[in-house]
Amino acid sequence: MKPKFLILFSLLILLILNILFSISIGPVRIPFDSVTSTIFYYFMGDPYNRIYMLIIFYIRMPRVFLAVLIGAVLAISGLITQTIFRNPLGDPYLTGIASGAALGASIGFLISPFVVEPLAFAFAMLAVFITFIISRVDGEFSPEIMILAGIAVSFLFSALASYLIYLKEVNLRGVLFWLLGGLYGANWNDVFYLTIASLILFPLILYFVPEFDLMLMGDEQAKSMGVDTKRVKLITLLSSSIVTSFAVSMVGIIGFIGLVSPHIGRKIIGESHRFLLPASILIGANLLLASDTIARSNPGGEIPVGIITSFVGAPLLIYLLIRRRFFDRGN
Amino acid sequence: MIEAIDLSVKIGKKQILKNLNFVIHEREKIAIIGPNGAGKTTLMRVLGGMLPYEGKLIINGKEMSEYRRQDLAKLISYVPQIFYTPYTFTVEEFVKMGKYISIRNWWNAEGIDRYLDEVGILNLKARYVNTISGGELQKVLIARALAQNPRIIMLDEPTSHLDPKAVFELNRTIINLEKTVISVVHDINAAFNLYSKIMIMANGQLYGIFSGKSKEFVDAISRIYQIEYEILDGKFIVPKGPYFQ
Amino acid sequence: MKWSNVLAIIIVALVFLSIGYYAGQLNNHTIQAPQKIVVTDDLGRNVTIYLPIKRVVSMDPSNTQMMYAIGAGNLLVADTSYDWWPAQAKSLPKVEMDNGTASVEEVVSYNPNLVLATTIQSTQIIDQLESLGIPVLVLEPNNISGIYRDMYLLGNITGHKTGAINEVNYMKSYIGNITSKIANLPRLRVLYMLWPDPIYTAGNNTFINNIITTAGGINVAANLTGPWPIINNETVLQDNPQVILVDNDTGISNISYFKNNPVWENISAVQNNRVYIFNQTESNWMNEPGPLTIYAVRMVAQFLYPQVFNET
């Protein structure tokens, strides 16, 4: 096996072990043999510990799989953004998704808790579309303008959200808890829908693996080599924005995974997207799963997972900054 | 064959190129020369299909704007002026990218050694592109353009910032390519000696097209730059009179 | 000059500026006044108060309620738009609140010689008011005896000592009446739900924990750290609360929220329909430490032991 395939294979094994480990630990201590026996008896139809079964199948498993999926979504979106914008600081929220979702959630809490998620999704997409429309130059997205447009749209939507909260019309408590982000209420429904969304949208992104390496060279070179840059940007940015908005509407804003995972990936497997893309996905899934397991296993009550990802992500990023000056990119 | 008829380019409201008319034939070696801001790079970009334009620009009998990106890439390859790239691709991978239009999964492409050989960098094959020198990188970019197998190769000041040895080697490589070559050149001696035709640009217009090694070219250059040039030994263009007053 | 030198000068200048700034702030605190006493508030701050107290601004409903309960309500010159009890409190002039924080200008415009506040007010506002010579008492008891202490304190400084003693005695007997009824009954495990997703609850050192405990319950979140911890749903499943108390702010309107959930439906409280969703007034009782806390205790005790209280 080639070394790069070996790395990917190791990351996959690591993810599987991570999943098994995460299912067997949590605030309620269930011995590992009880975990396996509960799962075994459950499928065999033999009598099992009902509380253990509920904890394993209805609380931990959906949460573990949701963490894996969301980690993967954030990592793939982060990588796409970094590649298309040729900006090492690209993260999935660059196009205004976070602020859009926050505004949508605020409006949602104004109406009813049940419309929070759909509105967060809708407004995240609205922010993305506004950013896209602003950044069109000669019918094509300009990365430079898109970064600035994303910042402008983010500020606008944040201001609107803050204004709603300021007006006290919004259930302040709800918005604040929502903004902190977390996978608390994970259920099989979430896992199911996010899986479907990923199954539809990931292939649209993965299809463009041959183009991504060429896109790294810059728009003009990519075009000169025959890449339809307009199409690549539109389809991949749109796909990643949709799936990210969907993920954000479920669990709020979780930072650093999308930014850090591709950087770790580059470090261990290099620049070629045919390896980097799957590696980033696996790293993102591993990172968020590990962070969430720490967050929920804290004996003194749960910690918002964003705090853990920042604690893990920020030092990693600093380490990478010191090890490799990746800011001198470009010509 | 490239044929431009009243070719104009506007960026925003600013007219960058005004009514250019020229014909470039197969296998010609064209140098584009002119003062800064004359529109050389814009002309290169429009010929590379990167910019919208007015007038006609006909490539092999078909209007430029009607080409699909993939089809255009089979005809024209643009070699940018890059002397450093941070990416950790090997020279081999980098050159294979040129195969993208024929093999979408370009990393499976075979037989790129001949392109490396053609520009004399076969020994660099396994090196990483972020570890080679600027001159070597220019050659890698040319090899990548060759792998694309276009009819026309365009180069943007390929030899500036390089040391004399690298300049010599690169020029030799360029001139021996069995392609149409369109190259932005600042070195009037290189233009004079190496290229079959020289297009002089000034203020967004085509000042004229001249044959290489012609007295007319030297006269035109003298007028454009407002320096009296003369030909020495039939090879060198030098300013008249001493440098020190 | 080198850039590093310029930078160093700027930094040194900033350091001196900030020292001057904070030193000035310290000075502002030592304004002299003729008749004064020093009292300790619920944050452990020593607050210098000028007597007699004539004009009081209350920045929290719980403080307003304590003032009225001890008979000192006539000293209030302004309260907040959140005030709802007693009826007179609603007609007082209002200090407008932005996100729970009052504007200093507005508070000052009522010319108070005492301001009552809770920790909802930012420390900047408290500092600003004190620098203007207006003492601020932070009254935020985290248990029922803390309410008694604060009422005595208010009684002492406002001259309504007797009113405070009477009110405290009334509360004590009211609560004693409840606790004596349930003294020999088995204690029940209770989950208090401030917010459903994530499940925010009340930790050990909170006022709500004290109400639950007094009313005969065992707070399942008592072992978590922090006043408002997040409780994991698998912990809830393991603790299996027999009663769930749901705050009005959650937006949960009926028990079907729990019934249709594969995890919640397995919990004793849900299976036995012992989920109590507070209305707005009941939520206020639970969240505003003061004279109305006795109703919160009665309400929770009633939820826990309906068999004892339905007879009356």
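Residue numbers begin at 1 in each chain, while the letters A, B, ... track the order of the sequences.
Considering only heavy-atom pairs separated by less than 4.5 Å from chain A, the leading option among B/Tyr78, B/Trp106, B/Phe83 is B/Trp106. No other option in B/Gly49, B/Pro80, B/Gly48 has as many heavy-atom pairs under 4.5 Å with chain A as B/Pro80. Counting heavy-atom pairs closer than 4.5 Å to chain B, the top-ranked of the candidates A/Glu220, A/Lys230, A/Glu140 is A/Glu220.
For chain A, the nearby part of B/Leu141 is the side chain; its heavy atoms alone come within less than 4.5 Å. Contacts between B/Gln70 and chain A at a heavy-atom distance below 4.5 Å involve backbone atoms as well as side-chain atoms. With a 4.5 angstrom heavy-atom cutoff, B/Leu72 does not touch chain A via any of its atoms. At a 4.5 Å heavy-atom cutoff, the contact between B/Phe94 and chain A is made by side-chain atoms alone. Proximity to chain A is limited to the side chain of B/Arg45, based on heavy atoms less than 4.5 angstrom apart.
The number of heavy atoms from other shown groups lying within 6.0 Å of CG (B/Asn123) is above 12.
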- Task: Please lay out, stage by stage, how B/Glu169 and B/Val119 fare under the test side-chain contact (heavy atoms from CB on, under 4.5 Å).
- Result: CA-CA 9 Å; B/Glu169 286 178 350; B/Val119 294; over 6 Å; no

- Apply ring pair (Phe, Tyr, Trp, His ring centres under 6.0 Å) to the pair A/Phe275 and A/Phe5, showing each step before the final yes or no. CA-CA 8 Å; A/Phe275 301 111; A/Phe5 284 109; 5.4 Å; yes

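Contact annotation: the side chain of A/Ser239 approaches that of A/Ile235 to within less than 4.5 Å [non-hydrogen atoms, C-beta and beyond].
Under the 3.5 Å distance criterion, with hydrogens and angles disregarded, no donor-acceptor pair is assigned to the side chains of A/Tyr319 and A/Lys267.
Within the cation-pi definition used here (under 6.0 Å to the ring centroid, within 45° of the axis), B/Arg104 qualifies as a partner of A/Tyr207.
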